[in-house]
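Atoms considered below: every heavy atom in the structure, side chains included; atoms not considered: hydrogens, waters and symmetry mates. Each ligand, and each atom within it, is numbered from 1 in the order the structure gives.
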Amino acid sequence: MRAVVIVEGRLEIEERPDPVPRDGEILIKVKAAGINGADLMQRAGRYPPPPGAPEDIPGLECAGETEDGERVMALLPGGGQAELVAVHHTHVLRVPERVDWPQAGGFVEAYATAHDALFSQAQLRDGERLLVNGAAGGVGTAAVQLGVQSGAHVTGTVRHHRAEVEAFGADTDPSGEYDVILELVGGDNLTENLGRLAKHGRIVVIGTGAGAKAEVDFGLLMRNRGRIHASTLRARSVEEKEDVLRRLEGHALPLLADGRLTVPVEETFPLEHAQAAYERFAAGGKFGKLVIVP
Ligand SMILES: NC(=O)c1ccc[n+]([C@@H]2O[C@H](COP(=O)([O-])OP(=O)(O)OC[C@H]3O[C@@H](n4cnc5c(N)ncnc54)[C@H](OP(=O)(O)O)[C@@H]3O)[C@@H](O)[C@H]2O)c1
């Protein structure tokens, strides 16, 4: 098979042996594979893949056909940006009929991350006020839509694409207090978030692109009886990831199937243009996802 391979901080297209599924795994012929921030960090040598994942082939999500011709999308520990990938059979979801390959290829990592953060960690409830910082990216557009669909009042902060985020039913001007704050940018935002937290408010930190350190005023947190959570998805066990996917399947898949949730795909790139796709990702200013189509 052909695969995107990380070679000393660059991407090359190489011929590699086809993956051989291990116990409990199935083989997917990849039709589309989303790009995530973690892929760029791995390219830069700052995010080694977890044990058992392909060492130098990036790609945390994909969509494609099984050997039985079934259309599936998958959460991967790596290896998705290739013509073939092996994945644990519990880490796949069926692709709804109306969803095309690029959208399916960019769904699972972004939506699983957003869904787990909002509902399993922050326990966002109907009618609560949700703030999403970094709302125009892959996880952000997923979180805004999930929040709106679950009956929350959603505000998303953005640097670009204000109108597109508002079209999901969200505000884009943060004011007042929030019950849940999903932090996808990091850095100094945490200081500001503490001032915006309502009583019993929850902050979930998922992304730290703008920095992993910030000053915390514990007084504000104590006064509001607030909580700060943080998590990563990639390093979880097979069973923990299965749990995330079954929750996503039960709640979000029907909404994706009838069009209430979408995956905004800014641009697709053939495998050969993976390097250009990563540069486009690094440049910022995109709306939603960039997807490689082998
Ligand atoms: N913990 C986990 O398990 C997990 C899983 C998935 C993703 N992540 C992380 O979560 C973050 C979001 O992921 P993603 O896939 O949504 O990435 P993405 O598509 O690149 O989106 C990031 C968004 O944040 C905005 N942003 C970045 N820096 C900013 C700043 N300094 N001020 C304001 N806005 C800023 C970007 O706006 P511009 O386009 O204007 O730069 C972009 O809209 C990334 O850091 C990613 O690595 C973590």
N-O pairing of [X] and [Y] below 4.0 Å:
| X | Y | value |
| --- | --- | --- |
| Arg162 | Asp173 | yes |
| Arg43 | Glu8 | no |
| Lys29 | Glu65 | no |

Between [X] and ligand 1, does any nitrogen or oxygen pair lie at a separation below 3.5 Å?
| X | result |
| --- | --- |
| Gly37 | no |
| Arg234 | no |
| Ser231 | yes |
| Val185 | no |

Closest approach of any protein heavy atom to [atom], naming residue and atom:
| atom | result |
| --- | --- |
| atom 39 (O) of ligand 1 | Gly285 N, 2.6 Å |
| atom 27 (C) of ligand 1 | Arg159 NH2, 3.8 Å |
| atom 48 (C) of ligand 1 | Ile206 O, 3.0 Å |
| atom 43 (O) of ligand 1 | Gly137 N, 3.3 Å |
| atom 40 (O) of ligand 1 | His160 ND1, 2.8 Å |
| atom 19 (O) of ligand 1 | Lys286 NZ, 2.4 Å |
| atom 12 (C) of ligand 1 | Leu184 O, 4.0 Å |
| atom 17 (O) of ligand 1 | Phe281 CZ, 4.2 Å |

Looking only at non-hydrogen atoms, the one of Gly207, Ala110, Ala210 nearest atom 10 (O) of ligand 1 is Gly207
Determine whether a donor-acceptor pair (N or O, by modelled atom type, separation under 3.5 Å) exists between the side chain of Asp179 and the backbone of Glu128. no
Against heavy atoms of [X], which atoms of ligand 1 measure under 4.0 Å?
| X | result |
| --- | --- |
| Glu109 | 5 (C), 6 (C) |
| Thr113 | 4 (C), 5 (C), 6 (C) |
| Gly284 | 39 (O) |
| Leu233 | 2 (C), 3 (O) |
| Gly134 | 23 (C), 24 (O) |
| Val139 | 6 (C), 7 (C), 13 (O), 14 (P), 15 (O), 16 (O) |

Test: Arg234 cationic atom under 6.0 Å from Tyr47 six-membered ring centre, within 45° of axis: yes
Angle class for the Phe168/Phe287 ring planes (parallel below 30°, perpendicular above 60°, tilted otherwise)? parallel
Where does the angle between the aromatic ring planes of Phe107 and Tyr111 fall among parallel (under 30°), tilted (30 to 60°) and perpendicular (over 60°)? parallel
Can you see whether Gln145 engages Thr262 through a side-chain donor-acceptor pair at a distance of less than 3.5 angstrom? yes
Do Glu215 and Thr191 have a side chain donor and acceptor closer than 3.5 Å? no
Mark yes when over 12 heavy atoms from residues, nucleotides or ligands other than Asp188 sit less than 6.0 Å from its CG; otherwise mark no. no
Any protein heavy atom nearer than 4.0 Å to atom 46 (C) of ligand 1: no
Does atom 4 (C) of ligand 1 have any protein heavy atom closer than 4.0 Å? yes
Apply the side-chain contact (heavy atoms from CB on, under 4.5 Å) test between Val180 and each candidate in Gln121, Arg202, Arg129, Arg125; give the one that qualifies. Arg202
Name the residue from Val85, Leu84, Leu76 that meets the side-chain contact (heavy atoms from CB on, under 4.5 Å) definition with Ile28. Val85
Drop me the distance from Leu118's CG to Leu124's CG, to the nearest 0.5 angstrom. 5.5 Å
